[in-house]
Structures are given as structure tokens and as C-alpha cells.
Amino acid sequence: LTTNPPSITGDGYALAYRAGAMLSDMEFVQGRASMIYPDAMRGTPPPADGCVTIGGRFYNGLCERYMRKYHPEKMEMVTRAEMSKCTQKEITEGRGSPHGGVFGDLSGVPKDELSKFRAFLESCAAENFDPSWQPYEWAPGAHYFMGGMAINEKCETDIKGLYAAGECESGIMGANRLAGNALTETQVFGAIAGSSAAKYSSANSQIPILSDQTNPLKNRLEEILVRDRGFDYLEVREEITNIMSLYTGVIRNGEGLQKAITLLDKIEKEKIKNLCLVGGSSHKTLGRLLEVENFLTISQIISTAALMRTETRGAHNREDYPDMDENWTKNIVVQLKSGKMVMETKAVEVV
């Protein structure tokens, strides 16, 4: 479950990783309320995180205002990370709504306030759904990655000529992100990365791409396009999605993370090289099939890093290690070396 569009599948991370770039902090994935019902609005964040500051309320499947037992004074007025964690606990312990989430209630929001969320209301109306009195259902979904490519002050990675900005880079947000910082990040670091890349390009001559480099890739793509048997790439994508939702969501534990790694490794060994374009092939479906390969790679990195970090910090919640451990004030970095994933720790640089 994610608030992101279907095409957001970790391609930037995976391309950089395969080129040998260092990734960092990939275990830190921020969760956010993500609608699961009405079906057509699946993945949509509720307006203003459920309008909790102006009358929005949350209830579990037993119609209990469940935040009362976790935060009796603040109720729903907590951080996104804390709200996601408490909500996931209700769902996991069997107190979820009919579609596997919790209820969001906007009936207490003044109509003049609710009317400000025009796009949301139009989407609801298209489904014959009136949020002013009908509860929607939501669950914590993946929203933002604090991790990504390690960069310097010029937004340069450890690969010469490769620059990163926005959600592709790491180190800017730490272990969690404050609301509103994502767009600011793209503007500030996008400008730095663009300027740095332009200066690098103007100072270096273009390197010709040889047919010896492109022919193997061309042959591989043609082989996928004509393949008439194998594993349906959409089914494999759904399988990976379910594994990640079950075991690497907002609440994690060692047993679940190890199970995720085992299942993902099995997909890599048995299915990923035999993905098939079931139902007709085109360049569009070919692109989606290749996304599944990136999907798997990044899922393996997230799960392995999350298992390695035996503490709770920021958006990383280990129920078997519920406290923050100062010994873990360090980054987990990962690189592809000699075809193998190498994961290490690195001391945090305090400026």
C-alpha cells in the first residue's frame, strides 16, 4: 500500500545501485494514512491527514476511538509516524475495518472547511460517496523514503558524473521527515544538482557508447518481448507488494523481516529472470516488467537494512527492539560489489 503513483518503483535507486553507487538509510520509510476504501481512491491520502485539527476522528473496526488508549490527551493530534504505528497495531491485533484498515470520520468537520478540499470531494462524488457523513477506510501506506543515494555538498554521488536530488538522495531528512520539507528539498537540492551536473558536463567530453555495450541489452529486451511462457510480471509485482506490506511496514520485527528476505530471495532465484508479458507485449508493458526487477532489488535492500538495525529510530519501528540505542547512531550503507550486496555501517558525521 502506498500513497505514490504506480510508476514509483524505486527505479532511480536501483539504477544507481547497479552502477555501483552507495545507498544509505534505506531502512527509513515514512508511513502515512492511505485510503483503501472506496476502492477507486485506494492510495489517496485523506485530506490534511484526516482533518484531525478541525474535527476529523479515527475509529477501529469495533467503532472505538482507539487513539484514546494510546494518547488520551493528544488523541489524533500526534505525528504521522506515531499515528501510523498505533493504527497498524489495531489492524494487526484484529480490530480493523472490513477492508483491512480503520475508519476515518469527517462528519465533525465544518462544511465550509471540508469544502476547501475540492479535488478530494470531486473524487468522492464520482464514487457516489459522501465523506461528510460516510466514513472512509484507511491504513498506513508507504509515503516517503528518507534513504537514497549518498551525496556530498554538490549533490554528487561516489560515481563520477552521477548527481542526485529530491527523494533519490539520502542524508537530508535524517531518520524521519517533517511535513512540508519534501517539495522544499526538490527546489533547493534540485538547483544544486542541476548546476553541479551542468558544470561537470561542460568540463568533460562526451564518452561514446559502443555497440558492445548496447547489443547485450538490446538482445535481452528482444528476448523478453518474444517470451511466451514464464511468470506473469503483474502477479510477481503483487507478490512482492504483499510481502513488503506484511513484514516491512510501519511495525517490524526480526522474524518478519527474515521471512521477507527469504521470500524475496526465492522470487529472485525462481521468477525474476523468467518474467513474462502475459496478455500482449508492448514497449509500455516491457517498461512495467523491468520496473518489477527494480521493485525486487529495492525491497531486498530495505528488508536487509531493517533487519540489521536492531533499534527503533525515526520511521523505523522494531517491536522486538522498541528503544533507541545510541550505539546505532550510524548510517547503514549498501553497495553492489562483484555482483553481491555489501551492507556496512558508517559513523554519522556531525557538523
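Nothing here was measured: the structure is a model prediction, and the numbers come from that model.
Nearest heavy-atom pair, M35 versus P46, reported as atom, atom and distance to 0.1 Å: CG-CG, 4.0 Å. The nearest pair of heavy atoms linking D320 to G254 is OD2-N, 2.8 Å. Of all heavy-atom pairs spanning P131 and F120, the tightest one is CG-CE2, 3.8 Å. Of all heavy-atom pairs spanning I91 and G100, the tightest one is CG2-O, 3.6 Å. Of all the heavy atoms in F28 and R309, the pair that sits closest is CZ-NE, 3.4 Å. Of all the heavy atoms in T157 and A164, the pair that sits closest is CG2-CB, 4.3 Å.
Applying the 6.0 Å contact sphere to NZ of K74 captures no more than 12 heavy atoms from other residues, nucleotides or ligands. At most 12 heavy atoms of other shown residues, nucleotides or ligands fall within 6.0 angstrom of atom NZ in K160. No more than 12 heavy atoms of other residues, nucleotides or ligands lie within 6.0 Å of CD1 in I209, so this atom counts as exposed by the packing criterion. Within 6.0 Å of CD on E255 lie no more than 12 heavy atoms contributed by other residues, nucleotides or ligands. Applying the 6.0 Å contact sphere to CD1 of I207 captures no more than 12 heavy atoms from other residues, nucleotides or ligands. Residue Y37 qualifies as open at atom OH: its count of foreign heavy atoms under 6.0 Å is 12 or below.
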- Task: Give the C-alpha distance, both sets of side-chain angles, the deciding distance and a yes or no for side-chain contact (heavy atoms from CB on, under 4.5 Å) between V334 and V342.
- Result: CA-CA 6 Å; V334 58; V342 178; over 6 Å; no
- Task: Please test V278 against Y233 for side-chain contact (heavy atoms from CB on, under 4.5 Å), starting from the C-alpha separation and ending with a verdict.
- Result: CA-CA 8 Å; V278 176; Y233 76 99; over 6 Å; no
- Message: Walk me through whether N331 and D25 qualify under side chain to side chain donor-acceptor pair (under 3.5 Å).
- Response: CA-CA 6 Å; N331 304 106; D25 300 339; 3.0 Å; yes
- Task: Could you give me the CA-CA distance, side-chain angles and deciding distance for E239 and K271, then say whether salt bridge (Lys or Arg N to Asp or Glu O under 4.0 Å) is met?
- Result: CA-CA 11 Å; E239 186 178 356; K271 299 181 179 181; 2.9 Å; yes
- Item | salt bridge (Lys or Arg N to Asp or Glu O under 4.0 Å) between E82 and K85, worked out | CA-CA 5 Å; E82 183 63 17; K85 187 166 65 173; 3.5 Å; yes
- Item | Worked check of side-chain contact (heavy atoms from CB on, under 4.5 Å) between T44 and T3 | CA-CA 6 Å; T44 303; T3 62; over 6 Å; no
- Message: Let's go through N242 and R237 carefully: what are the C-alpha distance in whole Å and the side-chain angles of both, what is the deciding distance for side chain to side chain donor-acceptor pair (under 3.5 Å) to 0.1 Å, and is it a yes or a no?
- Response: CA-CA 9 Å; N242 290 335; R237 176 182 172 130; over 6 Å; no
- Should R18 and T297 be marked as a side chain to side chain donor-acceptor pair (under 3.5 Å) after you check the CA-CA gap, both sets of side-chain angles, and the distance that decides it? CA-CA 10 Å; R18 294 197 187 104; T297 297; 3.0 Å; yes
- Query: So D325 and W328, side chain to side chain donor-acceptor pair (under 3.5 Å) or not? Walk me through it.
  - Reply: CA-CA 5 Å; D325 184 351; W328 266 108; 4.8 Å; no
- Message: Using the rule given for side-chain contact (heavy atoms from CB on, under 4.5 Å), can you reason through R177 versus R80, listing the C-alpha separation, both sets of side-chain angles and the distance that settles it, and then say yes or no?
- Response: CA-CA 10 Å; R177 176 184 69 93; R80 284 176 179 171; 3.3 Å; yes
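With hydrogens and angles ignored, the 3.5 Å screen pairs a side-chain donor or acceptor of S245 with a backbone N or O of L1. Panel note: side chain S24, backbone V333; no donor-acceptor pair is recorded below 3.5 Å. For the pair S303 (side chain) and Q300 (backbone), a donor-acceptor distance under 3.5 Å is absent. The main-chain N or O of A193 is never found under 3.5 Å from a side-chain atom of S196 such that the two would form a donor-acceptor pair. The closest donor-acceptor contact from the side chain of T329 to the backbone of E326 lies under 3.5 Å. The backbone N or O of A142 sits less than 3.5 Å from a side-chain atom of T2, completing a donor-acceptor pair. A donor-acceptor pair is defined here as one N or O able to donate and one able to accept, closer than 3.5 Å; such a pair exists between the side chain of R252 and the backbone of T248. At least one donor-acceptor pair under 3.5 Å links the side chain of Q213 to the backbone N or O of L210. Side-chain N or O atoms of T312 include one that pairs as donor or acceptor with a backbone N or O of Y321 at under 3.5 Å. Checking side-chain atoms of S281 against main-chain N and O of L277 turns up no donor-acceptor pair under 3.5 Å.
Between Y13 and F145, the distance from one ring center to the other falls under 6.0 angstrom.
Side chains of T87 and Y66: a donor-acceptor N/O pair is present below 3.5 angstrom, by distance only. Side-chain atoms of E311 and N327 include no donor-acceptor pair closer than 3.5 Å. Between the side chains of E90 and Y70, at least one donor N or O sits under 3.5 Å from an acceptor N or O. There is a side-chain donor-acceptor pair under 3.5 Å between H99 and E137. Under 3.5 Å, the side chains of T285 and S282 contain a donor-acceptor pair of N or O atoms.
Each of F58 and V250 belongs to its own hydrophobic cluster when Ile, Leu, Val, Met, Phe, Trp and Tyr are linked at side-chain heavy-atom distances under 4.5 angstrom. A chain of hydrophobic side-chain contacts below 4.5 Å, direct or via other Ile, Leu, Val, Met, Phe, Trp or Tyr residues, connects M244 to L23. M75 and V109 are assigned to two separate hydrophobic clusters, defined by single-linkage of ILVMFWY side chains at heavy-atom distances under 4.5 Å. Under a hydrophobic-cluster definition in which Ile, Leu, Val, Met, Phe, Trp and Tyr are linked whenever side-chain heavy atoms come within less than 4.5 Å, directly or via other members, I151 and Y17 are assigned to different clusters. I159 and Y200 end up in different hydrophobic clusters when Ile, Leu, Val, Met, Phe, Trp and Tyr side chains are linked at under 4.5 Å.
Considering CE of M343 and NZ of K337, their distance stands at 12.0 Å, rounded to 0.5 Å. Note that SG of C155 is 9.5 Å distant from OH of Y163, once rounded to the nearest 0.5 Å. Atom CD of Q134 is separated from atom CG of N128 by 9.0 Å, given to the nearest 0.5 angstrom. Separating the CZ atom in F295 from the CG atom in L290 is a distance of 14.0 Å, to the nearest 0.5 Å. To the nearest 0.5 angstrom, R95 atom CZ is 13.5 Å from C63 atom SG. The OG atom of S84 lies 8.5 Å from the CG atom of D49; values are rounded to the nearest 0.5 Å.
Looking only at side-chain heavy atoms (C-beta outward), N181 and M173 come within less than 4.5 Å of each other. Within the 4.5 Å cutoff, the side chain of M146 has no heavy atoms near those of the M26 side chain. Side-chain contact between E222 and N219 is present, with heavy atoms from C-beta onward closer than 4.5 Å. When side chains are defined from C-beta on, E27 does not count as touching I302, because their heavy atoms never get closer than 4.5 Å.
We find that K218 and E223 are not joined by a salt bridge, their nearest charged nitrogen and carboxylate oxygen being 4.0 Å or further apart. Electrostatic pairing of E76 and R65 counts as a salt bridge here, judged by a charged N lying under 4.0 Å from a carboxylate O. Using a 4.0 Å cut-off between charged side-chain N and carboxylate O, R220 and E293 make a salt bridge.
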